[in-house]
Amino acid sequence: MAAVRASSSKSYFALLDLPESYSLDAAELERRYREKSRHWHPDRFSRAPASERAAVLQRATELNEAYRTLRSDGKRAEYLLKLYGVDLADESKKPALDPGFLAEILELREALADARVEGNSAQLADIKKTVQAELAKLASRLHDGFARLLAADPAALSEVTELCYVQRYYQRFADDIAEFEETAAGHLAVL
C-alpha cells in the first residue's frame with residue numbers, strides 16, 4: 001500500500017509557493033519568504049477594517065512559522081511526515097530503533113559529558129565532527145527517502161520516519177555542543 005498524503009489546509013510549502021520536497025533551495029526559500037512578508041506585512045493594512053487586519057496578522061504569523069519550519073532540515077522533515085499523517089511527537093508510535101545504534105548514542109553521550117566536564121576541546125571537536133558527518137549522511141538518506149515517498153514507494157514512509165527519529169538524536173548533540181561552545185565563548189569573553 002502506498003503512502004497517502006493526509007489532506008490539510010494550505011501547507012507551509014503552498015504558503016511560500018514552493019514544491020513539497022525535503023530538498024529546498026535555501027536562497028529561493030529566503031526570497032519567497034521576504035517577498036510574501038513584504039506583501040502581508042501588517043503595517044500595509046493599518047487602515048483596513050479590524051477583521052481584515054486580524055486576517056493579515058494571522059497570515060503573517062503563518063508565513064513566519066512556515067519559514068522557521070522549512071529552513072531547518074529536521075523541522076522540514078518532521079513537517080513533511082506530518083503531511084503524511086505521521087506525528088513524531090506521538091511517542092506511542094515511535095518505531096523500535098536498532099539497539100546497536102542506541103548503544104552508540106549512549107557512548108557518544110557519555111563521551112560528550114566527559115569532554116565537557118574535562119574541558120577537553122579536542123575531544124569536543126572530534127565529537128562535533130562525528131555528529132556533523134552523521135547529520136550530513138542522514139540528510140542525504142532523507143533526501144532519497146522523501147523522493148521515494150513522493151514517488152509513492154510503500155516502504156519509504158517507515159524508513160523516513162525512522163531516519164527522522166535518528167536525526168533527532170544527532171540534532172540534540174549538535175544543539176548541546178553549540179550551546180556548550182556558546183557558553184564557553186561567553187566565559188572567555190568575560191575573562
Side-chain angles (χ1 to χ4, degrees), residues 1-6 8 11-13 19-26 29 65-185:
M1 182 167 96
V4 177
R5 186 188 177 291
S8 67
S11 78
Y12 288 168
F13 294 96
E20 277 185 15
S21 173
Y22 176 73
S23 300
L24 287 181
D25 178 341
L29 170 63
E65 180 61 26
Y67 176 68
R68 276 192 301 274
T69 299
L70 297 183
R71 76 178 179 184
S72 162
D73 288 349
K75 288 179 183 178
R76 185 173 57 255
E78 289 186 29
Y79 180 73
L80 275 166
L81 279 177
K82 227 178 229 185
L83 293 177
Y84 282 87
V86 177
D87 186 359
L88 295 187
D90 184 356
E91 291 289 323
S92 69
K93 296 185 179 174
K94 183 177 179 179
L97 298 175
D98 175 42
F101 163 74
L102 294 173
E104 287 174 25
I105 290 296
L106 185 57
E107 288 175 19
L108 197 56
R109 179 62 59 195
E110 289 171 356
L112 178 60
D114 290 346
R116 290 172 72 171
V117 168
E118 297 167 4
N120 187 334
S121 58
Q123 185 179 9
L124 190 63
D126 287 345
I127 294 169
K128 182 178 181 177
K129 187 176 178 180
T130 298
V131 167
Q132 289 172 336
E134 290 300 325
L135 283 170
K137 284 186 228 173
L138 284 165
S140 176
R141 291 180 63 197
L142 282 165
H143 168 77
D144 295 343
F146 277 113
R148 290 183 21 242
L149 184 61
L150 290 171
D153 179 341
L157 185 60
S158 61
E159 179 185 324
V160 168
T161 300
E162 186 173 326
L163 288 171
C164 283
Y165 277 110
V166 169
Q167 183 184 47
R168 277 181 156 189
Y169 279 95
Y170 284 109
Q171 189 57 53
R172 279 188 214 122
F173 278 110
D175 294 345
D176 287 352
I177 292 168
E179 182 182 328
F180 178 76
E181 288 175 336
E182 198 173 288
T183 302

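Computed from a predicted model, the values in this text were never measured in an experiment.
Within a 6.0 Å radius of CZ in Arg109, more than 12 heavy atoms belonging to other residues, nucleotides or ligands are found.
Rounding to the nearest 0.5 Å places CD of Glu118 at 11.5 Å from CG of Leu124. Note that the OH atom of Tyr165 and the CD atom of Glu91 stand 5.5 Å from one another [nearest 0.5 Å]. Between the OG1 atom in Thr130 and the CD atom in Glu104 there is a gap of 10.5 Å [rounded to 0.5 Å]. Here the OH atom belonging to Tyr170 is positioned 4.0 Å from the CD atom belonging to Glu134, to the nearest 0.5 angstrom. Separation of atoms CG (Leu70) and CD (Glu20) is listed at 10.0 Å; rounding is to 0.5 Å. Distance check: Gln123 CD to Asp114 CG gives 6.5 Å after rounding to the nearest 0.5 Å.
When all heavy atoms of Ala139 and Asp73 are compared, the pair lying nearest together is CB-OD2, 4.5 Å. The nearest pair of heavy atoms linking Leu135 to Ala174 is CD1-CB, 4.0 Å. The two residues Ala77 and Tyr22 have their closest heavy-atom pair at CB-CE1, 3.8 Å. Across all their heavy atoms, Arg68 and Lys75 have their closest contact at O-CD, 4.0 Å. Nearest heavy atom pair, residue Glu159 against residue Arg148, reads OE1-NH1, 2.9 Å. In plain terms, the two heavy atoms of Glu162 and Leu97 that are nearest each other are CG-CD2, 3.6 Å.
For the pair Arg172 and Tyr169, the distance from NZ or CZ to the six-membered ring centre is under 6.0 Å and the angle to the ring normal is within 45 degrees.
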Start with the C-alpha distance between Thr161 and Tyr84, add both sets of side-chain angles, then the distance that settles side-chain contact (heavy atoms from CB on, under 4.5 Å), and finish with yes or no.
CA-CA 10 Å; Thr161 300; Tyr84 282 87; over 6 Å; no
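Side-chain atoms of Leu108 and Leu112, non-hydrogen and from C-beta on, never get closer than 4.5 Å to each other. Looking at Glu110 and Leu106, their side chains come closer than 4.5 Å, going by heavy atoms from C-beta outward. The shortest side-chain heavy-atom distance between Arg76 and Phe13 falls under the 4.5 Å cut-off. Residues Gln167 and Glu78 are not in side-chain contact: their nearest non-hydrogen atoms beyond the backbone lie 4.5 Å or more apart.
Of the possible polar contacts, one joining the Tyr79 side chain to the Tyr12 backbone as a donor-acceptor pair under 3.5 Å is found.
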